[in-house]
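Every chain is numbered from 1, with letters handed out A, B, ... down the list of sequences. Keep in mind that the numbers below use all heavy atoms, side chains included, and drop hydrogens, waters and symmetry copies.
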Protein chains: 2
Amino acid sequence: MIEEARASDSRNTAKDLADCSCYIVHPECVEAARSAAIEPRLLAALGELFKVFSDATRLRILGALSVGELCVCDIGAVLGMTQSAVSHQLAVLRAAGLVAYRREGKTVYYRLADDHVTTLLKMGKEHASERARGEA
Amino acid sequence: MIEEARASDSRNTAKDLADCSCYIVHPECVEAARSAAIEPRLLAALGELFKVFSDATRLRILGALSVGELCVCDIGAVLGMTQSAVSHQLAVLRAAGLVAYRREGKTVYYRLADDHVTTLLKMGKEHASERARGEA
DNA sequence: TGAACATATGAACAAACGAACATATATAGA
DNA sequence: TCTATATATGTTCGTTTGTTCATATGTTCA
């Protein structure tokens, strides 16, 4: 459909649809892309999800938890970080639903919330390492 | 292995390994998690990758491009954004290797770089929408 | 070559973010 | 209840990030 729109080369010299400073070149393509737009609610959730994954400290925490359940103190030791810093990031991960926890006395054990987390991590790793290989 | 380490309940009351303010509770678990740590180089790349995905504008651009190739001007029209703003974000996406482009006269057409992008987007969407459903 | 258009880039500013420090909550044991 | 330990949270601060405005590069056509 996009192809046909381009093929007909329907140029629209008016600026009717654009907040953009230039002319709309392919109105049909624009319309198609617009109607396929991600809903604002999902868009926000998606952004939040990836944002949580975008921090090195949080990635390291997730990586550590992928080996198995750990308490806050252990995580701090693994990363060589303050308990406070770890706890703050755990709060972020908790809010995003990426980790679950379980209290046992004074100790709180954290674990990955579900398989989605592992999968996203793995997929990201694959892409990142392929990229790195391609650039080198 | 983690299980056994926990089962033996080997508490280490010394603070030898920890920059953390508290005692290391499960040294074996810590050691296991440490040896499974993501290499710094991959970690950085991974963080960068997800960071690029974490912005709503960039996600919308990627979403638009998932329908088909678009020129900068079209993208601006789809998002209702300035050409400058779009171009800046395209530069970020380009640097991350998430989009490819092709010049045709004055016009530059952008497209998704490879299937990894589509896959990551789809996976993120699935997780995000499942989460949203669970919270509602 | 010069004007018009499409895109890219530089600089500046406000908003968002993570680290660090201090402090609060919660649980166990005496 | 008082103390010690484990974790959580509030706040401040330096840095990063996205947008905007202005300008530069690059391409076509006359």
| field | 4.5 Å side-chain heavy-atom contact, Val108(B) and Leu90(B) | value | no
| field | Whole-Å gap separating C1' (dT5(D)) and NE2 (His26(B)) | value | 14 Å
| task | Grab the CD1-C1' distance between Ile75(A) and dA8(D) for me, whole Å please. | result | 14 Å
| Taking all atoms of both residues into account, what is the closest heavy-atom pair of Leu42(A) and Ser129(B), and its distance? | CD1-N, 4.0 Å
| request: Kindly indicate whether the side chain of Val78(A), heavy atoms from C-beta on, has any atom under 4.5 Å from the side chain of Ile61(A). | output: no
| message | Contact between Val92(A) and Lys51(A) at the side-chain level, heavy atoms closer than 4.5 Å - yes or no? | response | no
| field | Distance, rounded to the nearest Å, where Leu90(A) contributes CG and dG18(C) contributes P | value | 13 Å
Could you run down the sub-3.5 Å N/O contacts of the protein with nucleotides 23-30 of chain C?
none

| message | Does anything in residues 60-80 of chain B form a ring pair (Phe, Tyr, Trp, His ring centres under 6.0 Å)? List the pairs, not counting sequence neighbours. | response | none
| task | Identify whether any heavy atom of Tyr110(A) sits under 4.0 Å from a base atom; if not, whether one sits that close to sugar-phosphate; answer base, sugar-phosphate or nothing. | result | sugar-phosphate
| By side chain to side chain contact (heavy atoms under 4.5 Å, CB included) - contacts of Val99(B) (at least two apart) | Leu62(B), Leu65(B), Leu93(B), Arg94(B), Tyr110(B)
| Is any N or O donor-acceptor pair between the side chain of Ser84(B) and the base of dC21(D) shorter than 3.5 Å? | yes
| To the nearest Å, how far apart are Tyr109(A) OH and dA6(D) P? | 11 Å
| message | Taking 4.0 Å as the cut-off, does a side-chain nitrogen or oxygen of Thr82(B) come that near to OP1 or OP2 on dT20(D)? | response | yes
| request: In whole angstrom, give the distance that lies between atom CZ of Arg60(A) and atom P of dA19(C). | output: 10 Å
| Point-to-point distance, once rounded to the nearest 0.5 Å, from CZ of Arg34(A) to CZ of Arg60(B) | 9.5 Å
Protein and nucleotides 14-19 of chain D: nitrogen or oxygen contacts under 3.5 angstrom:
residue, atom, partner, partner atom, Å
dG18(D), OP1, Arg58(B), NH1, 2.9
dG18(D), OP1, Arg58(B), NH2, 2.4
dG18(D), OP2, Arg58(B), NH1, 3.4
dT19(D), OP1, Thr57(B), OG1, 2.6
dT19(D), OP2, Gln89(B), NE2, 2.9

| query | Between dT9(C), dT7(D), dT7(C), which nucleotide has the shortest distance from any of its atoms to the side chain of Arg94(B)? | reply | dT9(C)
For residues 111-126 of chain B, please give each side-chain donor-acceptor pair under 3.5 Å, one per line with the distance, not counting sequence neighbours.
residue, atom, partner, partner atom, Å
Asp114(B), OD1, His116(B), N, 3.0
His116(B), NE2, Glu130(A), OE2, 3.3
Thr119(B), OG1, Asp115(B), O, 2.7

| request: Would you list the pairs meeting ring pair (Phe, Tyr, Trp, His ring centres under 6.0 Å) in which at least one residue belongs to residues 51-76 of chain B, sequence neighbours left out? | output: Phe50(A)-Phe53(B)
